[in-house]
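Worksheet: one structure, shown below.
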Amino acid sequence: MPSLALPKSSLLRQPWEYRRVYAQGLRLRGDHFSLIFLANQVGEHRLGISVHGVKSAVRRNRLKRIVREFYRHHRSFIDWCGIVAIPPGTGMDVVFAIRSGFAPNSPQEIEQVVRQVMSKRPHPPQPPRKGGGRNDNAERKKS
RNA sequence: UGGAGCGGGUGCAUGAUCGCCGGUUUCCCCGGAAACCGGAGGAAAGUCCGAACUCCAUAGGGCAGGGUGGUUCGUAACGCGAACUGGGGGCGACCCCAAGGAAAGUGCCACAGAAAACAAACCGCCCCGCUACGGCGGGGUAAGGGUGAAAAGGUGAGGUAAGAGCUCACCGCUUUCGUGGCGACACGGAAGGCAUGGUAAACCCCACCCGGAGCAAGACCAAAUAGGGAAACGUUCGAGGGCUGCCCGUCCGAUGUUUCCGGGUAGGUCGCACGAGGUGCCGGGCGACCGGCAUCCCAGAGAAAUGAUCAUGGCCCCGUACGGGGAACAGAAUUCGGCUUACAACCCGCUCCAAAAU
RNA sequence: GGGUCGUUAACUCAGUCGGUAGAGUAUCUGCCUUUUAAGCAGAGAGUCGUUGGUUCGAGUCCAACACGACCCA
């Protein structure tokens, strides 16, 4: 039985980490949320949570906590589908991007929604837009 | 019992399991592990005020600008609070009020109306003259009609050709005197015969207050771009800059200053949580609040921790039982004192009105 | 966290000193034209972000609230 501890080192923290995942990750779109996957060099899975468009700070924090609680118990959900090939010694960065209108209000409901979405096909990474993202070049050299 | 007014309080509790953040101690001494302790609010919110704190060399004088507006207290301070005064509302308990000045000045008062402010007279009323009996002219008057949000004291009586503070009584107003009160003001007397329409959340006047920014303030340490390009001005005859918007004044100022272009931004530590602090008791005060003694240490910073599940017990709703459902507003970011706004359900105390039903 | 500003017709904006809210674009109708566009004539439409207050009377003055935008190191 794996440990259920989830220290902060297993979370995405910095803006550039999120930017890297958004720019190159595989996207799965659900109802008012999406999952974005990208392999990292850290050696373990990491979680990022982004809540957008929810005005109440209480609801915003609650969504983050519920998502973190779900991830703590079902860290292996990344392996459920065989879409993403995980090389040994590599982890996955997952960003849970939630928009306003997201309904689930407990870890169980999140699990249902995630299982539903994981059965779909992922979207390929979006090509970088012309105007934006002056950090794209630097990021690509790194990886 | 019902309705109502005021003041205050609570904002599910306990346990288990799995987690998160901070601190202390111990063990290994890179970094981790274990134990123990602590971990959202009455509004943490809006950012509407006031401060503490920090920087602007010291913050100087004047003008401009902004704020407050009954009085007296309270407070570190306030635009906040308390008590009282005045005005308004309610049968009442009680509630509401940006509540100085319109006899310093200026402006405005649309439409309607004769007239919107040094008064004036449309319909009227009364007197005189003329008359073709329809009225016309001259004068008096402001009680009545009409207009308007507002029409130059109100009501009643006397008086008169008709009327009018023309005269009188009461009320109001103005001036003045006395008494009481720290004071706002109140009460009483006398005089004047009415002069002073409204608007200052219009300009303004008066009194009092205010330097500017804000913890992304700022201090220290480390590293890097960078010896980059262009333009303008200047080197004691002073460019330019700081001190609030302006002026005065004053300070800084030399291989320099300013502006533009280009480049860079993922630093660390402190500030930073012991404070105008909380709780309890005693004392002073009508009260806001103040003083003394005892006691406690009570969240903290990284895009940011305080969570999830289950059980039991309360509470509310549906329901014959079993059972089912619900629990508001809302999340600390430098810290305090207020204000304002949001808020399910319930509890406690005091008070007012009505008296019904069984 | 702190600071600054805005909200008026479907859209973009005026509205000076408080007195019946306007312009352009768009829409609709008619004329003109073979038709369209253009042009000409006319019409429709607004809780002035919301709620209170001051005033005889608020788009305008004052206060609270809501929504939106921008700035900082």
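So you know, we letter chains A, B, ... as the sequences are listed, proteins then strands, and number each from 1.
By the 30° and 60° cut-offs, the orientation of the rings of A:Phe96 relative to A:Phe102 is perpendicular.
Here B:G238 is in the anti range [glycosidic angle more than 90° from 0]. Classified by its glycosidic torsion, B:G253 falls in the anti category, the angle being over 90° from 0. B:C298 adopts a syn glycosidic conformation, its chi angle falling within 90° of 0. B:G101 takes the anti form, because its glycosidic angle lies more than 90° either side of 0. For B:A164, the O4'-C1' to base torsion is more than 90° from 0; the nucleotide is therefore anti.
Rounded to whole Å, the separation between the C1' atoms of B:A266 and B:U258 comes to 33 Å. B:C94 and B:A43 have their C1' atoms separated by 27 Å, given to the nearest Å. The same atom, P, is picked in B:A308 and in B:G319; the two are 33 Å apart, to the nearest Å. A gap of 11 Å separates the C1' atoms of C:G6 and C:G49, to the nearest Å.
Atom NZ of A:Lys64 is separated from atom CZ of A:Arg59 by 14.0 Å, given to the nearest 0.5 angstrom. Distance CG/A:Leu47 to CG/A:Asp93: 9.5 Å, rounded to 0.5 Å. To the nearest 0.5 angstrom, A:Leu12 atom CG is 9.5 Å from A:Ile49 atom CD1.
A:Ser106 has no side-chain polar atom (N or O) that falls below the 4.0 Å cut-off from OP1 or OP2 of B:A308. For B:U306, one of the phosphate oxygens OP1 or OP2 lies less than 4.0 angstrom from a side-chain nitrogen or oxygen of A:Arg65.
Base pairing of B:C136: its partner is B:G129, meeting the Watson-Crick or G-U wobble criterion (both donor-acceptor distances under 3.5 Å). Taking a pair to require two hydrogen-bonding distances under 3.5 Å in either a Watson-Crick or a G-U wobble arrangement, B:A162 remains unpaired. Checking B:U179 for Watson-Crick or G-U wobble geometry (two distances, each under 3.5 Å) identifies B:A186 as its partner. Judged by Watson-Crick or G-U wobble contacts below 3.5 Å, the nucleotide C:C65 has C:G49 as its partner. Nucleotide B:U250 is matched to B:G242 when pairs are restricted to Watson-Crick or G-U wobble geometry with both distances under 3.5 angstrom. Applying the Watson-Crick and G-U wobble criteria (two distances, each under 3.5 Å), B:A299 pairs with nothing in any strand. Searching all strands for a Watson-Crick or G-U wobble partner of B:G287 with both distances below 3.5 Å returns nothing.
In this structure, A:Glu69 does not pair ionically with A:Arg65, as no charged nitrogen and carboxylate oxygen lie closer than 4.0 Å.
With hydrogens and angles ignored, no donor-acceptor pair closer than 3.5 Å exists between the side chain of A:Arg68 and the base of B:C20.
Atom P of nucleotide B:A308 and atom CD of A:Glu109 are separated by 13 Å, given to the nearest angstrom. The nearest whole Å value for the distance from the NE2 atom in A:His74 to the C1' atom in B:C18 is 13 Å. A straight line from CZ of A:Phe96 to C1' of B:A303 spans 19 Å, rounded to a whole angstrom. Between A:Glu69 atom CD and B:U17 atom P there is a gap of 16 Å when expressed in whole angstrom units. What separates CZ of A:Arg60 from C1' of B:A332 is a distance of 14 Å, to the nearest Å. Residue A:Ile66 contributes atom CD1, which lies 12 Å from atom P of B:G307 at whole-angstrom precision. As a whole-Å value, the separation of A:Arg72 CZ from B:A305 P is 16 Å. Taking atom CZ of A:Arg62 as the reference point, atom C1' of B:U309 lies 12 Å away to the nearest angstrom.
Residue order along RNA chain B, read from the 5' end via each residue's closest nucleotide, puts A:His73 first among A:His73 and A:Leu12. Comparing A:Gln108 and A:Ala57 by the nucleotide of RNA chain B whose heavy atom lies nearest to each, the residue mapping closer to the 5' end is A:Gln108.
At a threshold of 4.5 Å between non-hydrogen side-chain atoms, the residues A:Val94 and A:His45 do not count as touching. Side-chain contact between A:Asp31 and A:Gln116 is absent, with no heavy-atom pair separated by less than 4.5 Å.
For A:Val58, taking side-chain heavy atoms from C-beta onward, the closest of the listed nucleotides B:G307, B:U309, B:A330 is B:A330.
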